[in-house]
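Remarks on the structure that follows.
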Amino acid sequence: MLTSNDVAAILNEVAVMLEITGATVFRSRAFRNAAHAVEELTTSIHDLVTTGELRKIRGIGKSIFSDIENLLAHGSFALYDELRTAVPESVLDMLRVSGMGPKKVKLVYDTLGIHSVEDLERAGRDGLLAALPGFGEKTQGNILRAIERMKKYQGRFLLSTAENQAQPIVQGVASVPGVSRHLITGSLRRRRETIGDVDILVCASDAEPVMERFTSFDTVASVNAKGPTKSSVILTSGLQVDLRVVKEEEFAFASHYFTGSKEHNTEIRARAKKMGLRLNEYGLFDSKEHSDPCGDEAALFARLGLDYIAPELRENTGEIEAAKNHTLPALIEEGDIHGVFHCHTNRSDGHNTLAEMVGAADALGHAFFGTGDHSQTAVYAGGLNVDAVRAQRREVDALNRAGGRVAVFHGVESDILADGSLDYPDDVLGELDYVVASVHSQFTMGEAQMTRRIVRAMSNPHTVILGHPTGRILLKRDGYAVNLRTIIDAAVEYEVALEINAHPYRLDLDWRHVRAARDVGAMIVINPDAHNTDEVAYVRYGVGVARKGWLEKKDVLNTRTPSQVRQYLRERRVRRGIA
DNA sequence: GCCGTTTTCGGCCCGACTGTTTTCAGTCG
């Protein structure tokens, strides 16, 4: 059975094939927009098609609705079949080669019969590409180098990786004399979970020394472009970093422009256009080409009749409408977090003692800290048997009696067994302050069975938190098949907080689904899943996800003080009948 | 192909850089 993500992937594929076959950019864009809309769904796409609700979603018109209907019923639709006949699948791979767009792909396919990256590489080595119209020696060399790079690297990076690699470069260009302002923009500023490239924006009276510094870092492997306002480099890690230099009076426009997303920008510019204005990275121009002076992004939004939209929300998922209607959320901030749950100690697979982990929480200014070591079935991770759980309880009690600044809560991360039961008897679970229930095995279970398994675990009154709800590992493995709609509803029914696992490898629950959970009033909790003292600070990546999911302080369990957490757990126990 | 404060047709965001060109197409973001 096709999932929403499968459908979105096919719609994207159609968009790409339309580009290659020379359809208008608008038709192609329509499929891309539809794919974007489908990716956001949390309700089963099958249900939405059956009820016709899908047709009401912006971006899904009569024609694409019918295509999706056919796709779900028969596994394909006429246009898709037609395009797949016209464009072999391996041709699409060529688009992943930097510098190869639809026009060039079509040209090499039509004239040289090249229909894969391997063919393209061979043709390049044989010098055949350079002879094509619009190509040349340099283009041929660039394509060969791009293929090399593609083979060597994944192409996308974790948010944390990109940020760590960008920091020294940002600091370096910021220290060039004449640089007055600097900002990381792009998807990094929007706190996307993975990053394609890093965008840095700088204000400088003279761009040249900035470009010189930027292109000469030790970590720069190659310089892709170097102009008076824009340069682009590839680091030895394979990460691409772009730098733009603008004037002081352009900064607000440029920071908005380069922060994106592309979809958000398109909507914003369309709005400006309707107001008789033209917006680009240099200004907001009226019919006489006079730019509105906007000192910051807030002024720019205000000029367009909008409330300030935080970077994390700029994904064109309704934020512009909400900004117009003054209904944007007051987003949660890092400083709202008073503590975390679900951290590991060296009793299971963590590297530090409980006391050391609590010290790390203290250093972050947290008021509480909650453990979440693995349970006994997780033998590979040194999971705690019942005696070890009780020994840890004594350790927690002793720390609390010692009266440090940080209150310590005692929880475990209990494996959800194949049948949905938890990993300890009820009386042992009852001795804990809370239980984080997580799936760590049998990922390949079918959706219906996996959903039943997880819902059963959530229905256990001792389960307070559902850990990493989909089990995905970014850039490595997709989450297991699970009906998130059902899980979200169960979270409300059984009063289970859904975890935003803030570990940069996970960031699970995904921000796209966080919002759906919020909309029905599910409680969210942000946990670092820390395995050493440094990783407690990962909670900030989770705050980024929460903000992208439109969460406010009140939506998140760990914005509460220790006494409020105690009260919540106590009252919850009463409501769940285990007091 | 989608959509509507320009509403059922006629629009649909905008600019930098490169490499190929002698004025611009393609790609990228």
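Order of the sequence lines fixes the chain letters, A, B, ..., with proteins taken first and strands second; residue numbering starts at 1 for each chain.
Using a 4.0 Å cut-off, no side-chain N or O of A/R244 falls inside it from OP1 or OP2 of B/dG15. Contact between the side-chain N/O atoms of A/N142 and the OP1/OP2 oxygens of B/dG19 is found at a separation under 4.0 Å. Using a 4.0 Å cut-off, no side-chain N or O of A/R32 falls inside it from OP1 or OP2 of B/dC2. One finds a side-chain N or O of A/T139 lying less than 4.0 angstrom from the OP1 or OP2 phosphate oxygen of B/dT20. A/Y282 has no side-chain polar atom (N or O) that falls below the 4.0 Å cut-off from OP1 or OP2 of B/dC14. Of the side-chain N and O atoms in A/T266, none sit less than 4.0 angstrom from OP1 or OP2 of B/dC12.
Atoms CZ (A/F77) and P (B/dG1) sit 11 Å apart, rounded to a whole Å. In this structure, A/I10 places its CD1 atom 17 Å from P of B/dG1, rounding to the nearest Å. Per the geometry, CG belonging to A/N224 stands 19 Å off P belonging to B/dA16, to the nearest Å. One atom, OH of A/Y80, and another, P of B/dG1, lie 17 Å apart when rounded to the nearest Å. Note: CD (A/E250) to P (B/dG15) measures 13 Å, nearest angstrom. The CG-P distance, from A/N33 to B/dC3, rounds to 9 Å in whole Å. Taking atom NZ on A/K62 and atom P on B/dG1, their separation rounds to 12 Å, with Å as the unit. Atom CD1 in A/I143 sits roughly 11 Å away from atom P in B/dG19 (whole-Å rounding).
In this structure, A/K262 has no salt bridge (Lys or Arg N to Asp or Glu O under 4.0 Å) partners at least two apart in sequence or on a different chain.
You'll find that the side chain of A/K138 is closest to B/dG19, out of B/dG19, B/dT18, B/dC3. When the nucleotides B/dC12, B/dC3, B/dT18 are ranked by their closest atom to the side chain of A/R58, B/dC3 comes out on top.
Residues A/S231 and A/L18 each lie close to DNA chain B; by heavy-atom proximity, the contact nearer the 5' end of the strand is made by A/L18. Both A/P133 and A/N265 lie close to DNA chain B; mapped to their nearest nucleotides by heavy-atom distance, the more 5′-ward contact belongs to A/N265.
Here A/R472 pairs with A/D510 in a salt bridge; the nearest charged N to carboxylate O distance falls below 4.0 Å. With salt bridges taken as basic N to acidic carboxylate O contacts below 4.0 Å, none links A/E312 and A/R192. By the 4.0 Å N-to-carboxylate-O rule, A/E315 lies close enough to A/K548 to be salt-bridged with it. In this structure, A/E193 pairs ionically with A/R512, as a charged nitrogen and a carboxylate oxygen lie closer than 4.0 Å.
Under 3.5 Å, the side chains of A/R189 and A/T259 contain a donor-acceptor pair of N or O atoms. Judged by distance alone, the side chains of A/E319 and A/H264 do bring a donor and an acceptor atom under 3.5 Å apart. A side-chain donor-acceptor contact under 3.5 Å links A/S255 and A/E297. No hydrogens or angles considered: a donor-acceptor pair under 3.5 Å links the side chains of A/D242 and A/Q240. Between the side chains of A/T185 and A/D199, not a single donor N or O lies within less than 3.5 Å of an accepting N or O.
For B/dT6 and B/dC12, the C1' atoms lie 13 Å apart once the distance is rounded to whole Å. With both ends at atom P, the span from B/dA16 to B/dG10 equals 32 Å, rounded to whole Å. If you take atom P in B/dG15 and the same atom in B/dT8, they sit 29 Å apart, rounded to whole Å. Taking atom C1' on both B/dT20 and B/dG26, the two are 10 Å apart, rounded to the nearest angstrom. Between the P atoms of B/dG1 and B/dT5, the separation comes to 23 Å (whole Å). Rounded to whole Å, the separation between the P atoms of B/dT27 and B/dT21 comes to 15 Å. On the C1' atoms, B/dC17 is 29 Å away from B/dG11, given to the nearest whole Å.
Across all strands, A/P228 comes closer than 4.0 Å only to sugar-phosphate atoms, never to a base (heavy-atom distances). Looking at heavy-atom distances under 4.0 Å, A/G59 makes contact with sugar-phosphate atoms alone, never a base. Using a 4.0 Å heavy-atom criterion, one finds that A/N280 contacts the sugar-phosphate atoms exclusively. Across all strands, A/E137 comes closer than 4.0 Å only to sugar-phosphate atoms, never to a base (heavy-atom distances).
In this structure, A/Y541 has its ring center no closer than 6.0 Å to that of A/H503.
You'll find the side chain of A/L132 reaches within 4.5 Å of the side chain of A/V108, heavy atoms only.
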In B/S/- notation (B base, S sugar-phosphate only, - none; protein heavy atoms under 4.0 Å), nucleotides 24-29 of chain B written 5' to 3' is --SSSB

Walk along nucleotides 5-11 of chain B from 5' to 3' and tag each nucleotide B, S or - by protein heavy-atom contact under 4.0 Å, base first, then sugar-phosphate.
-S-----

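Under the Watson-Crick or G-U wobble criterion, with both distances below 3.5 Å, B/dA16 is paired with B/dT27.
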